[in-house]
Asker: 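Got a structure for you, questions after.
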Amino acid sequence: MKKLFIITSYLGFFILGGMTFTYFSTTEAASDMKKISVFQDPINYYVDKVEKVPSEGQSGFNYQGTIYVPMRFIAESLGEKVTWDGKTKSVYIGDVPKFTALKDVKPIGSEEDHFFHNPSSITISTGEKFERSYQLGGYHGGGAVQDHTVEYLANGNYKGFETYLVPIKKLAANSSGIGFLKIYADGKLAYDSGAIKDKVKVYVNLEGASKVKFELEGSGLGILDPKFIQ
C-alpha cells in the first residue's frame with residue numbers, strides 16, 4: 001500500500017511529462033535549492049466512490065516510491081478550504097487559527113514584558129532572516145548568558161503556543177547547546193526543550209490553562225515569532 005503525501009505548489013514545481021522537480025529546503029538558507037528526478041504517475045482520484053479530476057497541470061507524481069498529490073485539489077475535493085500564509089510559509093486546511101503575538105499580551109503584574117515587548121529582525125547562522133523575533137544572551141558575539149522568566153494570564157482563551165528555538169551562531173560539534181525553554185501551564189511543566197543545538201519547533205497545548213509561565217536561558221538563543229494560538 002502506497003503512502004499518500006501532499007505538497008503545495010509553493011514548495012516547488014514539476015514539468016509535465018518531464019523528470020525534474022525543484023524545491024526549497026526550509027532547513028537551509030533560502031539560496032539553497034535541490035533538484036530531484038520524479039516519475040509522473042497516471043493517478044485516478046476518488047472521494048466517496050466519486051471520481052475527481054484535477055485541473056490541467058495538477059497531476060501527481062512518484063518520488064522514491066511515495067505518491068505526491070496537489071494539496072489544494074485534494075482538500076477542495078474533500079470540501080475543505082485551503083489558505084496559504086506566505087509570511088509563515090504555512091498551509092491551512094479548513095479554519096485558519098487566530099494568533100496573538102507574545103509582545104501584545106500583558107504579563108501578570110506589569111503593563112509589558114521588558115524582553116518580549118520589543119521584537120526585532122534576527123539572522124541566524126544559515127543566513128535565514130526572521131521578523132518579530134528575539135535573541136537571548138550571547139550579544140555582540142560574546143558568550144554572556146541571560147535568563148528570563150515571565151508569566152501570563154490565559155484564562156482558558158488560548159488553544160496553544162508556538163515558536164521556533166534556534167542557535168543564532170553555528171555551534172561547534174562538541175557544543176552542549178546554547179540555552180533552553182520551559183513552559184508551565186497552571187504550575188505544571190508542559191514543555192521542556194532541553195539544550196538547544198539545532199532549530200526546534202515548539203508547540204504546546206494550552207487548552208483550559210489559566211496561567212502560562214515561560215522560563216528561558218540562553219547564550220545566543222533565538223526565539224522566532226512566539227505567539228499564542230486562539
Asker: Just how far is it from atom OG1 of Thr100 to atom CD of Gln230, taken to the nearest 0.5 Å?
Answerer: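 Taking OG1 in Thr100 and CD in Gln230, the distance rounds to 3.5 Å.
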
Asker: If I compare all heavy atoms of Val82 with all of Ala75, which pair ends up nearest, and what's the gap?
Answerer: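 Shortest heavy-atom contact: CG2-CB, 3.3 Å.
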
Asker: So do the side chains of Lys211 and Leu153 get within less than 4.5 Å of each other, counting heavy atoms only?
Answerer: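 Sidechains of Leu153 and Lys211: in contact.
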
Asker: Within a strict 4.5 Å, meaning less than it, do heavy atoms of the Ile178 and Leu136 side chains meet?
Answerer: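 No, too far: nothing below the 4.5 Å cut-off.
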
Asker: Which heavy atom of Val204 sits nearest to which heavy atom of Ala190, and what is that distance?
Answerer: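 Distance-wise, the nearest heavy atoms are CG1-CB, 3.9 Å.
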
Asker: Can you tell me if Glu51 has over 12 outside heavy atoms packed within less than 6.0 Å of its CD?
Answerer: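 Enclosed.
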
Asker: Whether the side chain of Asn155 engages the backbone of Asn157 through a donor-acceptor N/O pair (distance < 3.5 Å, no angle test) should be reported.
Answerer: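 The answer is no, because no donor-acceptor pair under 3.5 Å joins these two groups.
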
Asker: Given the ring of Phe180, does Lys182 sit roughly above its face, with NZ or CZ under 6.0 Å from the centre of the six-membered ring and within 45° of the axis?
Answerer: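 The answer is yes; both the distance and angle limits are met.
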
Asker: Looking at side-chain heavy atoms only, is the closest gap between Ile223 and Leu165 below 4.5 Å?
Answerer: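 They are in side-chain contact.
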
Asker: Is the shortest side-chain heavy-atom distance between Val212 and Tyr184 below 4.5 Å?
Answerer: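 Counting from C-beta outward, Val212 and Tyr184 never come under 4.5 Å.
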
Asker: Give the C-alpha distance, both sets of side-chain angles, the deciding distance and a yes or no for side-chain contact (heavy atoms from CB on, under 4.5 Å) between Leu206 and Phe228.
Answerer: CA-CA 9 Å; Leu206 296 176; Phe228 286 114; 3.7 Å; yes

Asker: Give me the atom names and distance for the closest heavy-atom approach of Lys197 to Gly177.
Answerer: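 Nearest heavy atoms, Lys197 then Gly177: CG-CA, 3.9 Å.
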
Asker: So Ile122 and Leu224, side-chain contact (heavy atoms from CB on, under 4.5 Å) or not? Walk me through it.
Answerer: CA-CA 9 Å; Ile122 63 174; Leu224 311 181; 3.6 Å; yes

Asker: If you apply the rule side-chain contact (heavy atoms from CB on, under 4.5 Å), what do you find for Phe99 with Ile229, and how did you get there?
Answerer: CA-CA 5 Å; Phe99 298 102; Ile229 305 168; 3.6 Å; yes

Asker: Measure from NZ or CZ of Lys52 to the centre of the six-membered ring of Phe73 and say whether it is under 6.0 Å with the direction within 45° of the ring axis.
Answerer: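 Because its charged atom misses either the 6.0 Å distance or the 45° angle limit, Lys52 does not stack over Phe73.
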
Asker: To the nearest 0.5 Å, what is the distance between OH (Tyr68) and CG (Asn62)?
Answerer: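 Going from the OH atom of Tyr68 to the CG atom of Asn62 covers 9.0 Å.
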
Asker: Test ring pair (Phe, Tyr, Trp, His ring centres under 6.0 Å) on Phe161 and Phe214; report intermediate values, then the result.
Answerer: CA-CA 11 Å; Phe161 169 82; Phe214 298 86; 4.8 Å; yes

Asker: NZ of Lys129 to CD1 of Ile124: how many Å apart, nearest 0.5 Å?
Answerer: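 Lys129 NZ to Ile124 CD1: 13.0 Å, rounded to 0.5 Å.
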
Asker: Determine whether Leu171 and Val145 fall in the same hydrophobic cluster, where Ile, Leu, Val, Met, Phe, Trp and Tyr are linked whenever their side-chain heavy atoms lie under 4.5 Å apart.
Answerer: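 No, Leu171 does not connect to Val145 through the hydrophobic network.
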
Asker: Please tell me if the side chains of Phe130 and Asp225 come closer than 4.5 Å, counting only heavy atoms from C-beta onward.
Answerer: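 Answer no - side chains too far apart.
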
Asker: If you round to the nearest 0.5 Å, how far is CG of Leu189 from NZ of Lys213?
Answerer: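 If we round to the nearest 0.5 Å, Lys213:NZ and Leu189:CG are 10.0 Å apart.
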
Asker: Answer yes or no: is there a side-chain heavy-atom contact under 4.5 Å between Ile93 and Met71?
Answerer: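 A side-chain contact under 4.5 Å exists here.
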
Asker: On a heavy-atom basis, which atom in Pro226 and which in Arg132 lie closest, and how many Å separate them?
Answerer: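 Minimum heavy-atom separation between Pro226 and Arg132: CD-O, 3.7 Å.
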
Asker: At what distance, to the nearest 0.5 angstrom, does CG of Leu216 lie from OG1 of Thr149?
Answerer: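 Answer for the CG-OG1 pair, Leu216 versus Thr149, is 7.5 Å.
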
Asker: Which pair of non-hydrogen atoms, one from Ala144 and one from Ser219, has the smallest distance, and what is that distance?
Answerer: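 Nearest pair, atom of Ala144 first, then Ser219: O-OG, 3.5 Å.
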
Asker: Would Ile196 end up clustered with Val166 when hydrophobic side chains under 4.5 Å apart are linked, directly or stepwise?
Answerer: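 Unlinked, Ile196 and Val166 end up in two clusters.
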
Asker: Can you find a pair of side-chain heavy atoms, one from Val69 and one from Tyr45, that are under 4.5 Å apart?
Answerer: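 Sidechains of Tyr45 and Val69: in contact.
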
Asker: In chain order, what residues pass the salt bridge (Lys or Arg N to Asp or Glu O under 4.0 Å) check against Glu76, with sequence neighbours excluded?
Answerer: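 Listed in chain order: Arg72.
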
Asker: Is there a donor-acceptor pair closer than 3.5 Å between any side-chain N or O of Ser193 and the backbone N or O of Leu181?
Answerer: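 Here the side-chain-to-backbone pair exists.
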
Asker: Could you check whether any side-chain heavy atom of Ser120 comes within less than 4.5 Å of a side-chain heavy atom of Asn118, counting everything from C-beta outward?
Answerer: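 No - every pair of side-chain heavy atoms lies 4.5 Å or more apart.
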
Asker: Is it the case that the ring center of Tyr158 lies less than 6.0 angstrom away from the ring center of Tyr152?
Answerer: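 Ring centres of Tyr158 and Tyr152 not closer than 6.0 Å.
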
Asker: Quick check: is Tyr203 connected to Tyr164 through a chain of hydrophobic side chains (ILVMFWY, heavy atoms under 4.5 Å apart)?
Answerer: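 Per the 4.5 Å side-chain linkage, Tyr164 and Tyr203 are not co-clustered.
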
Asker: Rounded at 0.5 Å granularity, tell me how far CG in Asp147 sits from CD in Glu215.
Answerer: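 So the gap between those two atoms works out to 9.5 Å.
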
Asker: Do you know which two heavy atoms are closest between His148 and Phe116, and how far apart they sit?
Answerer: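 Heavy atoms of His148 and Phe116 come nearest at CD2-CE1, 4.1 Å.
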
